[in-house]
Amino acid sequence: MPSENLIPNLESIVGSKHVLTGEGRTAYYRSGFRSGIGSAAAVVFPGTLLEQWKVLEECVNANCAVIMQAAKTGLTEGSCPSGFDYDRQVVVVNITRIKKITLLNGGKQALVFPGTTLHELEQELAKVGRVPHSVIGSTTIGATVVGGIANNAGGALCKRGSSYTELAMFARVKRDGSLELVDHLGIQNLGETPEEIFSSLENETFSDSDVGDYEKPASDREYGSRIRDLESGTPNRFNADPRRLYEVSGSAGKVAAFAVRVDTYPAPKMKQVFFLGTNNPEDFDVLRRDVLGKFEELPEMCEYMNRGIFDVACKYGKDVFLSIKHLGTKRLPKAYALKSSAEYHLNKIPFLPKFLPDLFLYYVSQLFPKHLPERMLQYRDKFEYYLILVTADDCIDETRRYLTDKWSQRDGVDFFECTESEQEAALLHRFAAAGAAIRYQNLHQRTTEEVLALDIALQGNDPDWVEELPSEITEHLELALYYGHFMCHVFHQDYIFKKGTDVAAIKKKMLERLDRKGAEYPAEHNVGHMYKAGDTLRNFYDELDPTNTFNPGIGKTEKSRRALFT
């Protein structure tokens with residue numbers, strides 16, 4: 001139960017309508033996007049940077065555990081409480097009301113507040129012919145810039161890697177238990193007190209000459225070179241990469257971000273998508289080595305799908321495809337929130353099937369006509385493996401020449417250049433694949449166990465990217481679905497097991513196989529509460545948060561408060 005003064009004090013800071021209490025009102029915010037739920041005395045929605053600071057002060061003074069939460073799009077339960085065994089009150093601080101974008105240096109960088117979404121940043125940058133530092137799958141459903149950075153979110157871009165910055169302002173709890181504001185934004189003359197500093201940022205009272213530290217990275221600027229190392233025995237990118245753990249970057253909510261600076265990049269003038277098919281994985285491996293080793297310009301994206309995920313996404317991701325195409329991305333975050341809230345309440349009714357909104361959307365989508373272009377469906381029948389190769393500007397002709405003059409001369413391969421409608425369909429189909437396994441399991445929940453979803457980063461020099469599972473695993477499998485970011489060698493692998501399978505035991509065996517290959521996991525969804533943090537990541541968390549105030553238990557670490565040291 002909350003202490004006597006905690007809730008009134010929080011309400012005095014943000015207003016009573018922005019403090020939620022009670023099991024029913026807080027349920028959505030206490031639960032993860034796909035799974036996970038825990039206890040919380042309150043969910044608080046500050047509306048300004050100063051309100052966020054005062055809420056944190058109140059929580060720290062009341063000896064609460066604090067869960068920083070943004071759009072709640074993470075897939076490993078990292079932005080919600082985990083379980084009901086905390087040793088103190090838990091307060092969820094949701095920062096989605098605190099939005100602002102300030103373009104710096106003619107738009108070459110952006111200063112963003114913690115509630116700003118990647119989609120909003122995309123829209124603002126489009127006005128000046130720029131694009132964001134990162135494009136991730138959950139951009140469409142409201143993922144925030146800060147959330148991506150805090151989790152080293154990977155994304156689909158070949159030229160730019162995980163979300164990253166060294167220019168940030170954040171709060172941390174020091175070893176003596178006091179709350180400290182750390183200003184590493186690289187902007188001078190903001191003021192001395194939190195009130196002055198936050199006012200300067202919100203009112204943009206600083207001048208261009210006050211902004212410095214442009215030489216410090218505000219994105220993964222080395223990625224375009226790193227991905228080209230075809231002999232690397234280290235994966236190109238993964239959440240716990242020690243090269244990309246820096247203050248807010250990779251913090252997983254162990255500090256509270258107030259603002260970050262991120263790099264932006266020139267928007268392509270032209271784009272062209274190529275759709276490729278083969279029945280021999282070696283053909284794609286040859287293409288990868290040629291593109292990364294010999295091309296002057298890298299592609300924008302290169303997305304992989306196998307026939308299994310193509311089929312499942314076609315049938316069970318159809319409503320997602322149609323929603324984005326016809327409703328647009330602006331409405332999706334609210335739609336997902338409403339759907340999740342409805343699911344929570346309906347799942348509590350014993351005689352109703354679980355995930356009823358999912359079932360409804362699936363059956364409604366089947367009433368619509370065929371949504372995929374004919375050429376894509378022909379490739380589905382002809383080939384087992386597919387690439388969606390997105391190119392821009394100078395890379396277009398370079399790719400066209402390579403595919404026509406060299407790669408297509410291999411036996412049993414083919415490609416076509418997508419029309420505009422085919423480009424849209426191919427990318428929407430790939431996006432729909434991300435949730436298709438979950439939808440399949442929801443429709444077949446009586447005969448299958450919950451989905452085991454792994455996101456893995458293979459070594460840069462690993463040619464065996466197509467998994468071959470032993471019979472001791474395949475005998476329990478209903479479906480194995482593979483898709484991912486091919487040039488990066490980052491793959492999503494979703495497994496649906498038959499009812500009665502010991503999924504925990506199977507997962508242990510599968511992770512042991514990945515360990516032997518030198519793969520890293522999770523690659524881009526972060527450890528959350530589903531994976532154990534390794535020593536490097538755990539030490540990073542302990543250094544950021546020595547008293548274990550923020551997001552205790554993340555990475556299967558301990559939840560209890562640590563002793564104070566003066």
Side-chain angles (χ1 to χ4, degrees), residues 36 38-40 53 56-57 59-70 74 76-83 85-93 95 114 146-153 162-184 237-258 260 520-566:
S39 59
W53 172 257
L56 293 176
E57 281 188 316
C59 292
V60 170
N61 291 337
N63 190 28
C64 296
V66 178
I67 311 291
M68 299 303 301
Q69 185 182 86
T76 55
E77 306 176 6
S79 58
C80 67
S82 178
D85 56 346
Y86 291 89
D87 63 340
R88 63 219 128 126
Q89 302 166 60
V90 177
V91 175
V92 176
V93 181
I95 45 72
V146 163
I149 290 170
N151 289 291
N152 286 143
S162 302
S163 299
Y164 180 76
T165 188
E166 294 182 9
L167 298 167
M169 179 181 292
F170 58 94
R172 65 188 296 268
V173 176
K174 297 193 296 183
R175 293 172 64 86
D176 63 2
S178 62
L179 188 68
E180 174 188 30
L181 183 65
V182 180
D183 179 9
H184 291 164
R237 58 176 171 87
F238 54 99
N239 293 132
D241 188 343
R243 296 168 296 185
R244 293 295 172 265
L245 299 177
Y246 188 90
E247 297 180 343
V248 171
S249 297
S251 63
K254 297 299 285 185
V255 296
F258 286 83
V260 295
E520 293 283 352
Y521 54 85
E524 53 186 16
H525 292 159
N526 215 347
V527 290
H529 290 286
M530 299 178 71
Y531 293 89
K532 182 179 180 180
D535 291 342
T536 298
L537 191 57
R538 184 187 182 106
N539 291 337
F540 176 64
Y541 291 160
D542 290 348
E543 182 180 347
L544 289 177
D545 185 25
T547 66
N548 206 22
T549 296
F550 289 104
N551 214 355
I554 195 75
K556 296 189 180 295
T557 58
E558 70 278 1
K559 292 181 180 177
S560 58
R561 182 179 174 86
R562 297 193 198 101
L564 306 182
F565 296 90
T566 57

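Numbering starts at 1 and runs along the sequence shown. Side-chain atoms are counted along with the backbone in the values below, which use heavy atoms only and exclude waters and symmetry mates. Just so we're clear, the structure is a prediction, and the values are computed from it rather than from any experiment.
- Each of L56, V255, I67 was checked for a side chain to side chain contact (heavy atoms under 4.5 Å, CB included) with F550, and the lone residue meeting it is L56.
- Between R561 and D87 there is no salt bridge, since no side-chain nitrogen of the basic residue lies less than 4.0 Å from a carboxylate oxygen of the acidic one.
- N63 places no side-chain N or O within donor-acceptor distance of the main-chain N or O of R88, the cut-off being under 3.5 Å.
- A distance-only check finds a donor-acceptor pair linking the side chain of T76 to the backbone of H525 [under 3.5 Å].
- Partner D545 forms a side chain to side chain donor-acceptor pair (under 3.5 Å) with one of K254, R172, K174 and no other, that one being K254.
- Among all heavy-atom pairs drawn from G553 and K559, the shortest one is CA-CG, 3.8 Å.
- By the side-chain contact (heavy atoms from CB on, under 4.5 Å) test, K556 pairs with K532, sequence neighbours left out.
- Closest heavy-atom contact between Y164 and Y246: OH-CB, 3.6 Å.
- Using cut-offs of 30° and 60° on the angle between ring planes, the pair F170 and H184 is perpendicular.
- Nearest heavy atom pair, residue N239 against residue P522, reads OD1-O, 3.2 Å.
- Contact annotation: the side chain of L245 approaches that of N152 to within less than 4.5 Å [non-hydrogen atoms, C-beta and beyond].
- Atom CZ of R175 and atom OG1 of T547 lie 10.0 Å apart (nearest 0.5 Å).
- Qualifying ring-ring contact (aromatic ring centres under 6.0 Å, His included) partners for F238, counting only residues two or more places apart in sequence or in other chains: none.
- Between N551 and G253, the shortest heavy-atom distance links the atoms CB-O, 3.9 Å.
- Counting heavy atoms of neighbouring residues, nucleotides and ligands inside a 6.0 Å radius, atom CD of E180 exceeds 12 of them.
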| M68 and V146: CA distance, side-chain angles, deciding distance, side-chain contact (heavy atoms from CB on, under 4.5 Å) verdict | CA-CA 11 Å; M68 299 303 301; V146 163; over 6 Å; no
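- Side chain of N548 to main chain of E558: a donor-acceptor pair is present (N/O by atom type, distance under 3.5 Å, no hydrogens or angles).
- Not counting sequence neighbours, the partners of T165 by the side-chain contact (heavy atoms from CB on, under 4.5 Å) test are I149, L167, A218, S249, V260.
- Shortest non-hydrogen contact noted between A533 and V527 is CA-CG1, 4.3 Å.
- The environment of D85 atom CG is dense: over 12 non-hydrogen atoms of other residues, nucleotides or ligands sit within 6.0 angstrom.
- In terms of heavy-atom proximity, Y86 sits nearest to S39 at CD1-OG, 4.0 Å.
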